[in-house]
Visitor: 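I am attaching a structure below and will ask some questions about it afterwards.
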Amino acid sequence: MTRAASSESPVARRILIGVGLLFLALFLALPLVVVFVQAFAKGWPMFVDAIGQPDARAAIRLTLLVAAISVPLNCVFGVVASWAITKFDFRGKSLLISLIDLPFSVSPVVAGLIFVLMFGAQGWFGPWLIAHNWKVIFAVPGIVLATVFVTFPFVAREIIPLMAEQGRDDEEAAVSLGASGWQTFWHVTLPNIRWGLLYGVLLCNARAMGEFGAVSVVSGHIRGLTNTMPLHVEILYNEYDFVGAFAVASLLASLALVTLVLKSLLEWRFGYHQARSAH
Amino acid sequence: MSIVIDAVSKRFGQFAALNDVSLEARPGEFLALLGPSGSGKTTLLRMIAGLDFPDSGHVLFDGADMTGTPAAERQIGFVFQNYALFRHMTVADNIAFGLTVRARRDRPAKADIRARVAELLDLIQLPDLGHRYPAQLSGGQRQRVALARALAVEPRLLLLDEPFGALDAKVRKDLRRWLRELHDRLGLTSVFVTHDQEEALELADRVVIMNRGVIEQIGTPREVYDMPATPFVSEFVGETNRIPVTVADGRVLHHGQALDVSPKALANGPAELHFRPHEALLGDDAPGALPIVVGAVHKRGGTWRVEARVDDIAVEIDTSGPLPERGARAGLRFDDVQIFPAL
């Protein structure tokens, strides 16, 4: 191993690496291990039993449903917003860019409250919605709305820099060759951003399934109906059902691990792709 | 195909990119838009392509008004400065793109598209590279693929934005000749944008010289070089020496001494004498000649380049001899000069 221009002695380097690893182990790896240890503390059958509870299964189903709605929505919104921002010049562009970041800077609780104020029984649209027998708050639509709001930036944030860097030339070339807007998007723009888009979708999905704060405000915590997995974990934990809580939590943790692996894979593939197509 | 640009203007915010520009390209003509950056030449090209639209004025193809027609419907071939090849497609797919995106009733059969691609690969002299990706090609090869892609749709008009800008000098020269031959062989009408005057003078039938959103002069390479219409053209095309003089009653005065130069039809007042290094004759510091002090002398091609000073102004003169001594006083007479009112 060659020593770089840095002048640390081998001892100092080992100490630095050691401290770094210790910190990671203590604050990242250990908690993750604890989740799985607790989940299987009473053995495999208890774990399966905890997951198999009707309320737990309903929570898993709801989480998957919410992600299945909000991720595609944000995927479309994100691509449309990025397309508009990077391919066109218009008034209010910088405002739109800052608005996209809003969900990152606003506390999730506030995000949830916004929807309660808008659609709740005392909210702006609440009476009208109730009159027409539409239930938004304390129901699935509210949970979806809150999730969409919180996870909006992930896709857009990922592909805006990518599209900005690629510029408009490819699209203009396609148009000059007679391609329609849709053909240009499908054959030229989308292939150019596919890896970045996939990466954004992955992060968006992880957050959509894991979101707690905003969803907690609008959900109403009705067991078997409006509890997502994170909410269900909290309820079980508060009832001292540690095995149940950690069993469901371990599923969420597995999701995180899978996301991490896929993300690394994508980065590897993405980085490779970028290098190959560098001009 | 003929192109008419009629009184076109375009602003980007406060910046006037084009200001009442009119221009005509004849069928089969190879036209160069030459100017410094910010002169509006690329904006004008994009307007012909339908990638930008004028605030006022008209664009006509063969007499038909195309001002608002989008690029996709103009049947043009556009070659971008950095080629804009689709990086995820092979060379063959890139070339075929304009044909494969056609509506089904206009789309050639797959076999016909393949044949057309093979034909174009032959034309650009890259017959075996159809399966490669753009990233695996050299700059000159990418340039030719971009051209083949533009030609695949059999455009009526070929538009090129700085087509040789990103290539090294040798490749640039070869491609230049090749492009000119191709233009003649295919009978295209072509317009290309460049900031390189040598390229414009060598390649184009006529050169359109632009500056700050207006056309300074349109003419053959010879005309713009020998008879620049404005001080800007004189300065921008070729090498030019500039000497401030005064026009008074039909005479050209330099520090009160009359020069043997016709003031043409210029009104009295301060003016500027423009001459090219090869247009000055080196001689004695006699009355009627422009007095100079000789500086360094060096060989330049078939002639000698003499660096000299007129007061504090550096000038350069080409001469085949006899060579003056450094520091000697001498005088310049002129075959041909341009004289413009001082700005």
Side-chain angles (χ1 to χ4, degrees), chain A residues 79 82-95 158-159 161-200 266 268-279, chain B residues 12-13 42 45-46 48-52 69-89 93-103 106-107 132-139 142 145-155 157-161 166:
Chain A
V79 170
S82 315
W83 173 285
I85 283 169
T86 54
K87 312 284 176 186
F88 299 106
D89 296 310
F90 53 89
R91 266 170 206 281
K93 188 159 150 172
S94 49
L95 184 70
E158 206 54 52
I159 56 182
L162 194 62
M163 281 180 147
E165 186 211 313
Q166 289 171 349
R168 308 173 190 182
D169 281 3
D170 281 17
E171 280 76 17
E172 288 183 343
V175 165
S176 78
L177 290 165
S180 65
W182 182 245
Q183 282 173 324
T184 302
F185 174 74
W186 200 247
H187 295 300
V188 175
T189 307
L190 199 57
N192 275 346
I193 59 165
R194 59 190 160 183
W195 298 113
L197 180 60
L198 215 59
Y199 188 69
L266 268 179
W268 173 73
R269 178 71 178 80
F270 191 32
Y272 166 75
H273 185 76
Q274 287 289 78
R276 202 178 55 129
S277 60
H279 288 284
Chain B
F12 294 112
T42 298
L45 189 80
R46 290 170 58 84
I48 299 173
L51 295 172
D52 262 324
T69 310
E73 292 161 33
R74 288 198 188 190
Q75 281 184 273
I76 46 130
F78 199 103
V79 177
F80 289 80
Q81 187 170 7
N82 55 2
Y83 321 130
L85 294 174
F86 308 131
R87 66 202 89 180
H88 60 281
M89 292 184 202
D93 288 342
N94 262 285
I95 296 174
F97 185 84
L99 300 172
T100 50
V101 295
R102 282 193 185 164
D106 300 327
R107 196 188 308 154
R132 294 240 189 128
Y133 284 89
Q136 300 168 305
L137 302 180
S138 72
R142 281 184 211 162
V145 172
L147 201 60
R149 184 177 69 179
L151 291 173
V153 296
E154 295 181 338
L157 179 64
L158 187 61
L159 304 169
L160 308 107
D161 185 8

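Below, read A as the first sequence line, B as the second, and so on, with proteins coming before strands; counting in each chain starts at 1. Basis for what follows: all heavy atoms, side chains included, without hydrogens, waters or symmetry-related copies.
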Visitor: Nearest heavy-atom pair of B:V153 and A:L177: which atoms, and what distance?
Guide: CG1-O, 4.0 Å
Visitor: Given the options A:E171, A:E172, A:H187, which has more heavy-atom pairs under 4.5 Å with chain B than any of the others?
Guide: A:E172
Visitor: How far apart are the closest heavy atoms of B:F86 and A:D170, and which atoms are they?
Guide: CE2-O, 3.3 Å
Visitor: Is B:A103 in contact with chain A via its backbone, its side chain, both, or neither, using a 4.5 Å heavy-atom distance?
Guide: neither
Visitor: Is chain A contacted by the side chain of B:R74, its backbone, both, or neither, given a heavy-atom distance below 4.5 Å?
Guide: neither
Visitor: Rounded at 0.5 Å granularity, tell me how far CZ in B:R87 sits from CG in A:N192.
Guide: 4.5 Å
Visitor: Would you check, one step at a time, whether the test side chain to side chain contact (heavy atoms under 4.5 Å, CB included) holds for B:V101 with A:S180?
Guide: CA-CA 8 Å; B:V101 295; A:S180 65; over 6 Å; no
Visitor: Who are the salt bridge (Lys or Arg N to Asp or Glu O under 4.0 Å) partners of A:R168, not counting sequence neighbours?
Guide: A:D89
